[in-house]
Amino acid sequence: MVHIVARTLDGTASCPDCELPSSHVHSRYERRLADTPVGDQPVVIALTVRRLYCDNAYCGRRTFVEQVAGLTFRYGRRTPASRRVLAVVAVALAGRAGARLAAVLQTRVSRTTLLRAIMAVPDPLWAVPKVLGVDGFATRRGHHYGTVLIDCETGRPLDLLPGRDASTLAGWLREHPGAEIICRDRAGSYADGARTGAPNAIQVADRFHLWQNLGTAVEATVRLHSTCLKTAFTSSDGPTSDGDSADATKTMSPIESRSRERHATIHAPAGPGTRDPGDRQGTTHGR
């Protein structure tokens, strides 16, 4: 380990609240700061800093600790350089995987420290896109839902909204004007919210939800007319006793056929010695 001992120079330091310079020393104490490793060795800086009095009678802060630009910040136990490295690792790998990589880089941190580093990273700046995507997502299906807003031209997520109601979306659109086209699913609340918050924007349905709605409609139609389909495919002479099962399989709807195949797979015996689900006497196939 590389251990560096240092102290700040005498002079003035500015109060963080009123910014009035002061050289009136209250006390001194040592701060231990973790820095980026050097030569595959961890670096620890033992820095002695001063606590100063604030001489401004109108300032609410009585004392303050001097900070060294580029080296310290309030309540920090790492240098800004070390924090930047951890933030990059956390964004790339997050919790446990990031902690394992940080250990290889001679920086021992926990997964929760890396998660806090991610939360401390400021959100990137973005502008309201020309084509705005609006869709719902579930944090707990059937209970908690939200709305995700996406730049459809770049595929970049922009914001998350609580709930899927029209007023929330309309409020966001009023606060962030500029969307010319709103690509959304076919929920009525999103239509009302887009109409209220951005009345001049063109509303379109995205391709995924169009295919999804078409598939749902076709499936519902097949289920509704499954009896008619069986009748249409049944031979006019009727199935013989030997070919009942084969003809019945041919006249099944695709959904019914898949369901029967899954049922047969689940209830098929796994092998010798496996208990038959229909055997109430507890006998086995191996006997």
Side-chain angles (χ1 to χ4, degrees), residues 1-128 149 156-162 171-172 175-176:
M1 176 185 293
V2 179
H3 189 258
I4 301 174
V5 179
R7 63 181 296 270
T8 58
L9 298 175
D10 295 335
T12 61
S14 299
C15 174
D17 290 348
C18 65
E19 299 183 354
L20 181 70
S22 174
S23 59
H24 190 185
V25 178
H26 173 276
S27 59
R28 289 180 172 86
Y29 72 97
E30 184 180 273
R31 298 182 62 177
R32 294 178 62 86
L33 306 170
D35 199 6
T36 53
V38 174
D40 201 26
Q41 294 293 325
V43 177
V44 176
I45 302 174
L47 178 65
T48 301
V49 296
R50 301 174 298 166
R51 178 176 291 275
L52 305 171
Y53 287 103
C54 180
D55 296 328
N56 186 359
Y58 297 99
C59 180
R61 184 182 295 275
R62 298 270 54 89
T63 63
F64 63 92
V65 177
E66 61 180 344
Q67 304 295 335
V68 180
L71 186 62
T72 65
F73 54 92
R74 293 185 64 189
Y75 306 114
R77 296 184 178 181
R78 299 184 180 275
T79 62
S82 178
R83 283 171 58 91
R84 287 193 296 270
V85 172
L86 290 181
V88 172
V89 172
V91 171
L93 297 175
R96 291 184 174 89
R100 291 193 292 268
L101 177 59
V104 176
L105 300 176
Q106 300 300 327
T107 304
R108 303 284 179 177
V109 292
S110 66
R111 61 183 181 86
T112 54
T113 299
L114 292 178
L115 294 178
R116 287 196 297 268
I118 296 176
M119 299 300 295
V121 174
D123 294 334
L125 299 177
W126 52 269
V128 178
L149 304 175
R156 177 182 177 184
L158 303 178
D159 204 351
L160 298 176
L161 305 180
W172 190 94
E175 294 176 0
H176 305 83

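By the side-chain hydrogen bond (donor to acceptor under 3.5 Å, both in side chains) test, R100 pairs with no residue at all, sequence neighbours left out. Residues passing the side-chain contact (heavy atoms from CB on, under 4.5 Å) test with T12 are P21, S23, sequence neighbours excluded. The side-chain hydrogen bond (donor to acceptor under 3.5 Å, both in side chains) check on T107 picks up nothing, with sequence neighbours excluded. Among residues two or more places apart in sequence or in another chain, the salt bridge (charged side-chain N to carboxylate O under 4.0 Å, His left out) test is passed with D17 by R61. Applying the side-chain hydrogen bond (donor to acceptor under 3.5 Å, both in side chains) rule to S27 yields no partners; only residues at least two apart in sequence or on another chain are considered. R50 pairs by the side-chain hydrogen bond (donor to acceptor under 3.5 Å, both in side chains) definition with E66, not counting sequence neighbours. In terms of the salt bridge (charged side-chain N to carboxylate O under 4.0 Å, His left out) criterion, R108 has no residue partners (sequence neighbours excluded).
A distance of 6.5 Å separates CG of D159 from NE2 of H176, quoted to the nearest 0.5 Å. Going from atom CH2 of W172 over to atom CG of L149 covers 5.0 Å, rounded to the nearest 0.5 Å.
Residue pairs meeting the ring pair (Phe, Tyr, Trp, His ring centres under 6.0 Å) criterion with at least one member in residues 32-84, sequence neighbours excluded: H24-Y53, H26-Y53. Residue pairs meeting the ring pair (Phe, Tyr, Trp, His ring centres under 6.0 Å) criterion with at least one partner in residues 27-52, sequence neighbours excluded, do not occur; the list is empty.
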For residues 32-48, please give each side-chain donor-acceptor pair under 3.5 Å, one per line with the distance, not counting sequence neighbours.
| residue | atom | partner | partner atom | Å |
| --- | --- | --- | --- | --- |
| D35 | OD1 | T79 | OG1 | 2.7 |
| D40 | OD1 | Q106 | NE2 | 3.4 |
| Q41 | OE1 | M1 | N | 3.2 |

Under 3.5 Å, which donor-acceptor pairs link side chains of residues 80-96 to any protein atom two or more places apart or in another chain?
none

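Side-chain atoms of R74 do not come within 3.5 Å of backbone N or O of Q67 as any donor-acceptor pair.
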